[in-house]
There are 2 protein chains.
Amino acid sequence: MTAPRRFGTEDSKTRPVLLDAAARLMRDEGYAAVTSRRVAVKAGVKPALVHYYFRTMDDLFLALFRRGAEANLARLRHALASPQPLHALWEINSEPQGAALMIEFMALANHRKAIRAEIAAYSEQFRAAEQEAVARALRRSGVDAEAVSPAAVTVLMASVPRIIVMENTLGFTAGHDEAIALVEGQLRRLEPGPAQPSPGSYPGGTAEAGSSS
Amino acid sequence: MTAPRRFGTEDSKTRPVLLDAAARLMRDEGYAAVTSRRVAVKAGVKPALVHYYFRTMDDLFLALFRRGAEANLARLRHALASPQPLHALWEINSEPQGAALMIEFMALANHRKAIRAEIAAYSEQFRAAEQEAVARALRRSGVDAEAVSPAAVTVLMASVPRIIVMENTLGFTAGHDEAIALVEGQLRRLEPGPAQPSPGSYPGGTAEAGSSS
DNA sequence: GTCTATACTTCGATAGAC
DNA sequence: GTCTATCGAAGTATAGAC
């Protein structure tokens with residue numbers, strides 16, 4: 001038997017550079033553009049090095065998703081600890097940054113079992129944190145959990161902004177302002193704060209670079 | 001100048017066969033699997049024939065989207081003419097059939113201008129039909145359009161079921177039953193009917209083949 | 001309308017030198 | 001840790017025969 005192939009370590013300096021290049025490619029040109037050759041060019045190295053750090057391209061996709069997911073979860077947990085967790089949740093789910101990447105990963109999940117399992121596991125954690133915060137916020141506002149299910153509210157608070165962000169990236173905005181006004185009105189009712197943050201305007205703004213998933 | 005390349009006609013018998021093959025490939029293995037070679041194999045012809053009917057692969061994607069979009073719009077308009085348009089809208093947006101294809105097209109739209117424009121135009125029409133029906137239904141139920149914006153309700157009725165379907169294809173269902181119960185309760189209140197269709201259960205069921213987008 | 005044949009590009013992955 | 005070199009497979013697209 002010949003010597004087995006060698007591989008790079010997790011804490012290498014080059015590894016995150018490759019992941020950055022892959023993320024940018026994926027967001028700008030889709031998952032199909034994430035090839036060992038193109039990642040290498042973008043990172044300023046040779047293609048063989050990509051395979052040195054990631055045995056297969058699937059391993060690279062998985063590592064890329066995990067890195068973004070962990071960063072996202074950390075941000076979510078930090079936001080939910082704010083004095084207005086419902087507002088914070090709404091704002092975080094309205095961010096357009098990771099929308100393009102998320103769609104690419106969902107598409108990848110359609111036909112790659114490993115990716116699908118990873119996204120499902122991540123979503124589970126994300127949703128659990130959201131739901132716990134929503135339940136707490138509703139309790140604090142004196143809303144009866146029997147009358148309004150915190151789980152249902154959580155799904156609503158996740159669905160609406162995400163679809164709005166997706167449609168926005170298509171340049172399609174019909175009904176968005178009205179839906180946002182409706183939800184934000186409810187949020188102010190449930191969670192009144194000292195200073196209300198610019199009512200009526202959409203918190204997302206224009207898209208920008210950033211390696212979240 | 002040599003004789004220009006020849007191309008097939010729109011009403012050919014083979015053309016839809018190629019589109020069927022492409023749709024199945026796209027749903028099962030993602031947009032990256034839709035190559036002239038693989039479409040040809042699936043359709044039982046030679047690769048050159050794909051290029052005979054579609055000048056480029058982009059043209060094929062565009063034709064595929066248009067065909068599904070038109071079928072979808074027709075189904076939507078038919079459904080909205082039912083005696084319970086709100087229920088019909090909720091059910092149509094809860095169908096899982098086209099979810100995988102829609103995600104693939106959204107991913108394609110991230111980096112193909114022609115696809116993005118086409119999806120935006122289609123969404124515009126889809127949303128306009130939905131909104132008109134919602135406004136009519138709310139009026140009929142005696143809901144004041146000043147108090148509850150029909151545009152906002154339309155966005156909610158589109159967002160929630162779509163995210164639920166997407167999450168379902170990942171095998172992730174946290175909070176779905178509760179959200180569905182919440183919405184369906186409101187629907188029954190707004191739009192009471194003679195026979196209530198199996199309350200509490202999710203209308204989608206398991207996925208199945210079908211060439212909608 | 002469909003095929004054969006072909007030109008050219010790009011892909012994943014590996015072995016082995018430096 | 002990084003590179004050169006290389007294999008075999010698969011991609012788009014076209015010309016021209018049948």
Side-chain angles (χ1 to χ4, degrees), chain A residues 1-22 24-26 28-64 104 107-108 111-115, chain B residues 1-22 24-26 28-64 104 107-108 111-115:
Chain A
M1 55 186 85
T2 60
R5 227 174 108 206
R6 294 179 299 137
F7 292 104
T9 58
E10 290 264 342
D11 60 322
S12 142
K13 203 183 62 187
T14 302
R15 218 180 104 107
V17 174
L18 295 175
L19 289 178
D20 289 342
R24 215 164 35 241
L25 266 175
M26 192 165 183
D28 296 343
E29 307 187 48
Y31 66 76
V34 181
T35 69
S36 48
R37 283 173 153 85
R38 299 199 58 188
V39 169
V41 168
K42 205 135 208 159
V45 298
K46 298 298 170 184
L49 205 55
V50 176
H51 291 284
Y52 171 70
Y53 283 104
F54 306 98
R55 199 177 65 85
T56 67
M57 292 309 287
D58 253 50
D59 289 338
L60 185 151
F61 281 120
L62 225 39
L64 184 57
E104 295 292 336
L108 263 182
H111 55 284
R112 301 219 195 183
K113 223 175 46 196
I115 300 280
Chain B
M1 56 187 86
T2 60
R5 225 174 107 205
R6 296 179 298 137
F7 292 104
T9 58
E10 289 263 342
D11 60 321
S12 144
K13 204 184 59 186
T14 301
R15 217 181 104 106
V17 174
L18 294 176
L19 290 178
D20 289 342
R24 214 166 32 243
L25 265 176
M26 193 165 181
D28 296 344
E29 307 188 46
Y31 66 78
V34 182
T35 69
S36 46
R37 278 174 152 90
R38 301 200 57 187
V39 169
V41 167
K42 204 137 209 157
V45 298
K46 297 296 170 186
L49 205 56
V50 176
H51 291 286
Y52 171 69
Y53 284 105
F54 306 97
R55 200 177 65 84
T56 67
M57 293 308 288
D58 253 50
D59 289 338
L60 185 151
F61 282 120
L62 225 39
L64 184 57
E104 295 293 333
L108 264 181
H111 54 282
R112 302 221 194 183
K113 224 175 44 197
I115 300 280

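Below, read A as the first sequence line, B as the second, and so on, with proteins coming before strands; counting in each chain starts at 1.
In this structure, B:T14 does not reach the C:dG1 phosphate: none of its side-chain N or O atoms is under 4.0 Å from OP1 or OP2. For the pair B:Y52 and D:dA13, the criterion of a side-chain N or O lying under 4.0 Å from OP1 or OP2 is not met.
For the pair A:F54/A:L18, a side-chain contact is recorded, criterion being any heavy-atom separation below 4.5 Å from C-beta on. Within the 4.5 Å cutoff, no side-chain heavy atoms of A:P47 are placed close to those of A:V50.
Straight-line distance from the NZ atom of B:K42 to the C1' atom of D:dA10: 17 Å, rounded to whole Å. One interatomic measurement links the two molecules: CG of A:L49 to P of C:dA13, which rounds to 15 Å at whole-angstrom precision. One atom, CZ of A:F61, and another, C1' of C:dC11, lie 13 Å apart when rounded to the nearest Å. As a whole-Å value, the separation of B:K13 NZ from C:dT2 C1' is 12 Å. Distance A:R38 CZ to C:dA13 C1': 19 Å, rounded to the nearest Å. Taking atom NZ on B:K46 and atom C1' on C:dT4, their separation rounds to 9 Å, with Å as the unit. The separation between A:R15 atom CZ and D:dT2 atom P is 13 Å, rounded to whole Å. Here the P atom of nucleotide C:dG1 and the CG atom of B:D11 are 8 Å apart, to the nearest Å.
The CG atom of B:L64 sits 10.0 Å away from atom CE of B:M57, with the distance rounded to the nearest 0.5 Å.
Distance from the side chain of B:T9 is smallest to C:dG1 among D:dT2, C:dG1, C:dG12. Residue B:A48 has its side chain nearest to C:dC3 when only D:dT12, D:dT2, C:dC3 are considered. For B:Y53, whose side chain is taken as the heavy atoms from C-beta onward, the closest listed nucleotide among D:dA13, D:dG11, C:dG1 is C:dG1. The side chain of B:M57 sits closest to D:dA13 out of C:dG1, C:dA5, D:dA13. Residue B:T35 has its side chain nearest to D:dT12 when only D:dT12, C:dG1, D:dG1 are considered. Among C:dG1, C:dC3, D:dT4, the nucleotide with an atom closest to any side-chain atom of B:V45 is C:dC3.
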Under 3.5 Å, which donor-acceptor pairs link side chains of residues 34-44 of chain A to any protein atom two or more places apart or in another chain?
unit_1: A:T35; atom_1: OG1; unit_2: A:R38; atom_2: N; d: 3.1
unit_1: A:S36; atom_1: OG; unit_2: A:H51; atom_2: NE2; d: 3.3
unit_1: A:R38; atom_1: NH1; unit_2: A:E29; atom_2: OE1; d: 3.2
unit_1: A:R38; atom_1: NH2; unit_2: A:E29; atom_2: OE1; d: 3.2
unit_1: A:R38; atom_1: NH2; unit_2: A:E29; atom_2: OE2; d: 2.9

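Remark: B:Y31 engages A:Y31, B:H111 in a ring-ring contact (aromatic ring centres under 6.0 Å, His included) (not counting sequence neighbours).
A donor-acceptor contact under 3.5 Å links the side chain of B:R6 to the base of C:dT2.
When each of B:R37 and A:F54 is assigned the nucleotide of DNA chain C with its nearest heavy atom, B:R37 is the one assigned upstream, toward the 5' end. Where A:H51 and B:F7 meet DNA chain C, the nucleotide closest to each residue was compared, and B:F7 sits on the side nearer the 5' end.
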